[in-house]
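Predicted model only: the values in this text are computed from it and were never measured. Chain identifiers are assigned alphabetically (A, B, ...) following the order of the sequence lines, protein sequences preceding nucleic acid strands; residue numbering begins at 1 within each chain.
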Amino acid sequence: MTESINAHPDKTPLPSTRQVTEPDGYVETPLWDPYEAFMGPLFDKRIPGEDGAPELWMAFRVDDRHVNTRGVVHGGMMASFADAVMGSIAWNTIDREPCVTLSMQMNFLKGPKMGDLVECRATLTRQTRSVLFVAGEFFVDDNLVMTGSSLWKILGK
Amino acid sequence: MTDIPTNYAPVWNEGFNAYVGPFYGAPREDGTVHFLMDLRDEHMNGGGMAHGGLLMAFADACLGTAVNLSIDGAASATMTLNTDFIAAGVKGIRLEAEAEVVRRTRSVVFVSGRVYQGDKTLLTATGIWKILGAV
């Protein structure tokens, strides 16, 4: 079992509000933001990508905290998950220096439902001295449900 | 939450909105929609500022409500949401949002809005909502 991308050797992560079984191949992601622990748990895995570089995948299991009145995942939850995933790749790319979201664009193709496992493959598209470009593709059962792209500002740069 | 104006009501207060909110909302006379909420510990990031995901969720709820009112309550869903993060949100100041429908066609609604604290804009948002069942 691989270690989570957000693991820290000394610090104890925040406990998530719910206990959820780890999906196959994933480990539970240590969470450091209270809001993410409030929505969590989240899970992640790194697998070899087509070009040999590791791909970061993260996932969450949809429950009653995440849905709207129609039983479909709230757009705000998808945005929150996108921010957590893309933020993880940005933050780890720059050796965990502080960084913040500059912008986020999302296209919603299909609404995940209660019990679905929503998975995201996050990709670092470009890195400049002060800004990171991160993209994400979101799937349920291999069907694309959302695409996202984001910019991250490295603070102090 | 204290001192909520009496004409404000929790919006779609089930599931996500009830868990993360409640988000209090009311229509204004000019047709825009205004939202209020108070930030709690569980809305923050590790740096003690409002989490970006929370700001986007609050914006999505406010923009979606403006859309809903413009189509007389017909079912709709976010198709695209674009957000720019202008400034960080802090605890202790009421979080507000406002949204305005820019255009409505037969099947989609264009909407624009922002999240703010006092005179400081935290996030600007534009989006397109699909009117479900409309072609």
Side-chain angles (χ1 to χ4, degrees), chain A residues 6 11 13-14 16-18 31-40 62-87 90-91 96 98-111 114 146-153 155, chain B residues 11-21 23 39-65 67-68 73 75-89 91 97 115 122-130 132:
Chain A
N6 280 351
K11 290 188 185 166
L14 298 169
S16 283
T17 315
R18 298 266 176 99
L31 298 175
W32 310 105
D33 286 359
Y35 181 69
E36 293 174 19
F38 185 57
M39 308 308 307
V62 179
D63 66 39
D64 57 288
R65 299 168 298 164
H66 307 138
V67 297
N68 62 24
T69 49
R70 289 197 307 276
V72 172
V73 174
H74 195 289
M77 180 57 208
M78 290 301 287
S80 299
F81 177 57
D83 199 62
V85 181
M86 297 200 231
W91 183 59
R96 303 188 174 185
C99 62
V100 294
T101 327
L102 267 185
S103 80
M104 174 85 66
Q105 296 82 39
M106 290 153 287
N107 290 324
F108 299 83
L109 287 73
K110 200 171 187 308
M114 197 89 88
M146 186 177 99
T147 60
S149 62
S150 59
L151 295 181
W152 295 79
K153 178 74 175 66
L155 293 179
Chain B
V11 177
W12 292 320
N13 202 34
E14 296 173 41
F16 184 88
N17 282 12
Y19 183 65
V20 177
F23 305 143
L39 291 172
R40 305 188 298 266
D41 290 344
E42 64 260 30
H43 296 135
M44 301 295 146
N45 63 26
M49 314 305 274
H51 194 283
L54 180 274
L55 297 181
M56 289 189 283
F58 191 50
D60 182 70
C62 184
L63 269 61
T65 299
V67 169
N68 187 257
S76 62
T78 321
M79 258 200 315
T80 186
L81 183 68
N82 307 302
T83 54
D84 291 337
F85 292 79
I86 314 290
K91 229 168 64 173
V115 176
L122 307 186
L123 175 139
T124 57
T126 60
I128 305 175
W129 262 249
K130 178 75 176 66
L132 297 180

Chemist: G75(A), S150(A), A79(A), G76(A): which one forms the most heavy-atom pairs within less than 4.5 Å of chain B?
Modeler: G76(A)

Chemist: So which part of L132(B) gets closer than 4.5 Å to some heavy atom of chain A, the side chain, the backbone, both or neither?
Modeler: side chain

Chemist: Without swapping roles, check the side chain of R40(B) against the backbone of V20(B) for a donor-acceptor pair under 3.5 Å.
Modeler: yes

Chemist: Which one wins on heavy-atom pair count under 4.5 Å against chain B: M146(A), M39(A), K153(A)?
Modeler: M39(A)

Chemist: Name the region of D64(A), side chain, backbone, both or neither, that has any atom closer than 4.5 Å to a heavy atom of chain B.
Modeler: backbone

Chemist: Does N68(A) reach the main-chain N or O of G71(A) with its side chain, forming a donor-acceptor pair under 3.5 Å?
Modeler: yes

Chemist: Quick check for you: among E36(A), R65(A), M78(A), which has the greatest number of heavy-atom pairs under 4.5 Å with chain B?
Modeler: R65(A)

Chemist: Between Y19(B), F58(B), W12(B), which has the largest tally of heavy atom pairs under 4.5 Å with chain A?
Modeler: Y19(B)

Chemist: What's the spacing between F23(B) CZ and C62(B) SG if we round to 0.5 Å?
Modeler: 10.0 Å

Chemist: For K110(A), check side-chain hydrogen bond (donor to acceptor under 3.5 Å, both in side chains) against everything at least two apart and list the hits.
Modeler: none

Chemist: Which answer fits D41(B), side chain, backbone, both or neither, if we ask what part of it has an atom under 4.5 Å from a heavy atom of chain A?
Modeler: backbone

Chemist: I'd like to know if the side chain of T17(A) and the backbone of F38(A) have a donor-acceptor N/O pair within less than 3.5 Å.
Modeler: yes

Chemist: Out of N17(B), T124(B), N13(B), which one racks up the most heavy-atom pairs below 4.5 Å with chain A?
Modeler: N17(B)

Chemist: side-chain hydrogen bond (donor to acceptor under 3.5 Å, both in side chains) with S103(A): which residues, sequence neighbours excluded?
Modeler: Q105(A)

Chemist: Do the side chain of T83(B) and the main chain of M104(A) share a donor and acceptor less than 3.5 angstrom apart?
Modeler: yes

Chemist: In terms of heavy-atom pairs under 4.5 Å with chain A, which of M49(B), H51(B), E14(B), M44(B) leads?
Modeler: H51(B)

